[in-house]
Peer 1: 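Sharing a structure below in structure tokens format, with a few things to ask.
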Amino acid sequence: MEPNLPDVVLWSIPAFVLLTVIEMVSYRLHPDEDAAGYETKDAATSLTMGIGSLGFDLLWKIPILAIYMGVYELTPLRVPVLWWTVLLMLLAQDFFYYWSHRGHHVIRILWACHVVHHSSEKFNLTTALRQPWTSATVWPFYLPLIACGVHPAALAFCQSANLVYQFWVHTERVGKLPRPFEYVLNTPSHHRVHHASQGGYLDRNYGGILIVWDRMFGSFAAEVERPVYGLTKNISTRNPLRVATHEYAAIARDVRAADTWSERAGRVFRGPGWQPVPKAGEGTGEGAGEGVGAGAEISAAASVPTRPTAAATASAPTAAASAAPAPERTP
């Protein structure tokens, strides 16, 4: 029997609109010259990407739901939908979200999907709506939950709740919260770090609702210096189609230019800035910046290695001097 759970995203739309208007008005009444703030065309692009993602997600959900239902029917396990099991499912979904999010930063073909969300040089509530159109890469991370007997509809509810929670953390108008909240929850301060492009901020703070996963698995960084948002080399376009596909195009160019099949595989499945082992007398060695990052052109002053791939430079978060140790390697 399919669980009867509310559509939390639909019910939250009025709150999304109201909070965005309040944030816009707050910048009018109390401008902050140091904050990224709003820019009309950028906000319009974010809104367009969000609306487009709704349509594309409906298409991706058809085959994904078929796979989930197939696995659910095959497993003998069943998790009942009760108030306390829903809390446990939310906790488990947030755990797998962490690994999905981390994977989408450290594997280039997955980063090609997620880079859309990092492509704005602004950071405000409309940035939360800048969602990819190719989210079909997310579903494998949640198969363990389905195999454990979580109904696909219950998983969808948990994913929606996680998404709704993350809306409010995309703002510069909220400073640091009291320490207990900052220690446990993903907050605007933590998420500003995640969207920042400085070397020590790259590929940090992947948590959705909870930040404890980052603390446990070594990917946490506190907000120290003011973040600079965007990519290591920004894409300089507001064309929604290009925003949605630019990294896939970059991967295709790199694959065409590769000399060997191992290099082609590396261009697709290694880190966004991965480089093959150079021949004698040529440039940098293997894995210059491979591992955790979405960064590509990092300044000489940065503590994170340079990632010089031609295609990768078109699509990954920026760099300056690091404010924290370089992220650890891919799990």
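Below, each value reflects all heavy atoms present in this structure, side chains not excepted, and no hydrogens, waters or symmetry copies. Along the sequence shown, residues are numbered consecutively beginning with 1.
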Peer 1: So, for Tyr206 and Phe217, is the gap between ring centers shorter than 6.0 Å?
Peer 2: no
Peer 1: Return yes if some donor-acceptor pair links the side-chain N/O of His117 with the main-chain N/O of Gln131 below 3.5 Å, else return no.
Peer 2: no
Peer 1: Taking only distance into account, with no hydrogens and no angle test, what donor-acceptor pairs under 3.5 Å do side-chain atoms of residues 83-91 form with protein atoms, sequence neighbours excluded?
Peer 2:
unit_1, atom_1, unit_2, atom_2, d
Thr85, OG1, Pro80, O, 2.6
Thr85, OG1, Leu82, N, 2.7
Thr85, OG1, Leu82, O, 2.9

Peer 1: Atom CD1 in Ile251, atom NE2 in His246: separation rounded to 0.5 Å?
Peer 2: 9.5 Å
Peer 1: Distance only, no hydrogens: is a donor on one side chain within 3.5 Å (strictly under) of an acceptor on the other, for Glu23 and Asn124?
Peer 2: no
Peer 1: Within a strict 4.5 Å, meaning less than it, do heavy atoms of the Ile22 and Val25 side chains meet?
Peer 2: no
Peer 1: Has the side chain of Glu182 got a donor or acceptor atom that lies under 3.5 Å from a matching backbone atom of Leu177?
Peer 2: yes
Peer 1: Using only atom types and a distance under 3.5 Å, with no angle test, would you say the side chain of Arg267 pairs donor to acceptor with the backbone of Trp274?
Peer 2: yes
Peer 1: I need the single residue from Gln159, Gln166, Arg102 that forms a side chain to side chain donor-acceptor pair (under 3.5 Å) with Tyr97. Which is it?
Peer 2: Gln166
Peer 1: Quick one: are Val164 and Phe16 in side-chain contact, heavy atoms under 4.5 Å?
Peer 2: yes
Peer 1: Can you list the steps and then say if Glu225 with Tyr201 is a side chain to side chain donor-acceptor pair (under 3.5 Å)?
Peer 2: CA-CA 10 Å; Glu225 60 179 315; Tyr201 283 171; 5.1 Å; no
Peer 1: Aromatic ring centroids of His194 and His190 under 6.0 Å?
Peer 2: no
Peer 1: Does the side-chain contact (heavy atoms from CB on, under 4.5 Å) test come out yes or no for Ile209 and Gln93, once each step is laid out?
Peer 2: CA-CA 10 Å; Ile209 296 175; Gln93 188 274 333; 5.6 Å; no
Peer 1: Working to the nearest 0.5 angstrom, can you tell me the gap between Phe56 CZ and Trp60 CH2?
Peer 2: 7.5 Å
Peer 1: Using atom types as modelled and distance alone, determine if a side-chain donor or acceptor of His30 lies under 3.5 Å from a backbone N or O of Ser26.
Peer 2: no
Peer 1: Under 6.0 Å between the ring centres of His104 and His118?
Peer 2: no
Peer 1: How many angstroms lie between OG in Ser53 and CG in Leu129, if you round to the nearest 0.5 Å?
Peer 2: 8.5 Å
Peer 1: Taking the six-membered ring of Phe123 as reference, does the NZ or CZ atom of Arg192 fall below 6.0 Å from its centre and within a 45° cone about the axis?
Peer 2: no
Peer 1: When hydrophobic residues are tied together by side-chain contacts of less than 4.5 Å, even through go-betweens, does Leu125 share a cluster with Val21?
Peer 2: no
Peer 1: Can you confirm whether His151 sits close enough to Val81 that some side-chain heavy atom of one is under 4.5 Å from a side-chain heavy atom of the other?
Peer 2: no
Peer 1: Taking Lys122 for its side chain and Ala36 for its backbone only, find out whether a donor-acceptor pair lies under 3.5 Å.
Peer 2: yes
Peer 1: Are more than 12 heavy atoms from other residues, nucleotides or ligands located less than 6.0 Å from atom CZ of Arg226?
Peer 2: yes
Peer 1: Take Phe95 and Leu210 through the test side-chain contact (heavy atoms from CB on, under 4.5 Å) and record every step on the way to the result.
Peer 2: CA-CA 8 Å; Phe95 173 77; Leu210 300 176; over 6 Å; no
Peer 1: Please determine whether side-chain contact (heavy atoms from CB on, under 4.5 Å) holds for the pair Thr20 and Phe167, giving the CA-CA distance in whole Å, both sets of side-chain angles, and the decisive distance to 0.1 Å.
Peer 2: CA-CA 10 Å; Thr20 302; Phe167 177 79; 3.5 Å; yes
Peer 1: Find out if a path of hydrophobic residues (ILVMFWY) with successive side-chain heavy-atom gaps under 4.5 Å connects Ile67 to Leu155.
Peer 2: yes
Peer 1: Between Tyr142 and Ser100, is there a donor-acceptor pair closer than 3.5 Å when you use the side chain of the first and the backbone of the second?
Peer 2: no
Peer 1: Can Tyr38 be reached from Val174 by stepping across I, L, V, M, F, W or Y side chains whose heavy atoms are under 4.5 Å apart?
Peer 2: yes
Peer 1: Do any N or O atoms from the side chain of Trp11 and from the backbone of Val8 form a donor-acceptor pair under 3.5 angstrom?
Peer 2: no
Peer 1: Side-chain contact test, heavy atoms from C-beta onward, threshold under 4.5 Å: evaluate it for Pro152 versus Met69 and give yes or no.
Peer 2: yes
Peer 1: To the nearest 0.5 Å, what is the distance between NE2 (His195) and OH (Tyr229)?
Peer 2: 9.0 Å
Peer 1: Are Leu19 and Val17 connected in a single hydrophobic cluster, I mean Ile/Leu/Val/Met/Phe/Trp/Tyr linked by side-chain heavy atoms less than 4.5 Å apart?
Peer 2: no
Peer 1: Can you see whether Phe269 has Arg264 sitting over its ring - NZ or CZ less than 6.0 Å from the centre and within 45° of the normal?
Peer 2: no
Peer 1: Are Tyr248 and Thr134 linked by a side-chain donor-acceptor pair shorter than 3.5 Å?
Peer 2: yes
Peer 1: Taking all non-hydrogen atoms of both residues into account, name the closest pair between Ser160 and Val9 and its distance.
Peer 2: CB-CG2, 3.8 Å
Peer 1: How close do Phe141 and Thr137 get, heavy atom to heavy atom, and via which atoms?
Peer 2: CE1-O, 3.9 Å
Peer 1: Same cluster or not: are Ile13 and Tyr165 linked, directly or through other Ile, Leu, Val, Met, Phe, Trp or Tyr residues, by side-chain heavy atoms under 4.5 angstrom apart?
Peer 2: no
Peer 1: So do the side chains of Cys148 and Thr75 get within less than 4.5 Å of each other, counting heavy atoms only?
Peer 2: no
Peer 1: Looking at CD1 of Ile211 and OH of Tyr183, how far apart are the two atoms once the value is rounded to the nearest 0.5 Å?
Peer 2: 11.5 Å
Peer 1: Measure the shortest side-chain to side-chain distance between Pro240 and Trp133 over non-hydrogen atoms and say whether it is less than 4.5 angstrom.
Peer 2: yes
Peer 1: Do the non-hydrogen side-chain atoms of Arg173 and Tyr27 ever get within less than 4.5 Å of each other?
Peer 2: yes
Peer 1: Given side chains that start at C-beta, do those of Pro144 and Phe96 come closer than 4.5 Å, heavy atoms only?
Peer 2: yes
Peer 1: Evaluate side chain to side chain donor-acceptor pair (under 3.5 Å) for Ser219 paired with Tyr98, printing each intermediate quantity in order.
Peer 2: CA-CA 10 Å; Ser219 54; Tyr98 169 85; 2.7 Å; yes
Peer 1: Calculate, to the nearest 0.5 Å, the distance between atoms NE2 and NE2 belonging to His114 and His105 respectively.
Peer 2: 3.5 Å
Peer 1: How close do Asp214 and Arg204 get, counting heavy atoms only, and between which atoms?
Peer 2: OD1-C, 4.5 Å
Peer 1: Closest approach of Val243 and Thr45, non-hydrogen atoms and distance?
Peer 2: CG2-CG2, 4.3 Å
Peer 1: How far apart are the C-alpha atoms of Val116 and Met49, what are their side-chain angles, what is the distance that settles it, and do they pass the side-chain contact (heavy atoms from CB on, under 4.5 Å) test?
Peer 2: CA-CA 9 Å; Val116 170; Met49 297 306 299; 3.7 Å; yes
Peer 1: Which heavy atom of Leu5 sits nearest to which heavy atom of Ala153, and what is that distance?
Peer 2: CD1-O, 4.1 Å
Peer 1: Assess the side chains of Asn186 and Asn205: does a donor N or O sit below 3.5 Å from an acceptor N or O?
Peer 2: no
Peer 1: Indicate yes or no for a side-chain donor-acceptor contact from Arg238 to the backbone of Ser46 under 3.5 Å, with no hydrogens or angles considered.
Peer 2: no
Peer 1: Do you know the tightest heavy-atom contact between Glu223 and Ser189?
Peer 2: OE1-OG, 2.7 Å
Peer 1: Would you check if the side chain of Asp57 reaches a backbone N or O of Leu54 as a donor-acceptor pair within less than 3.5 Å?
Peer 2: no
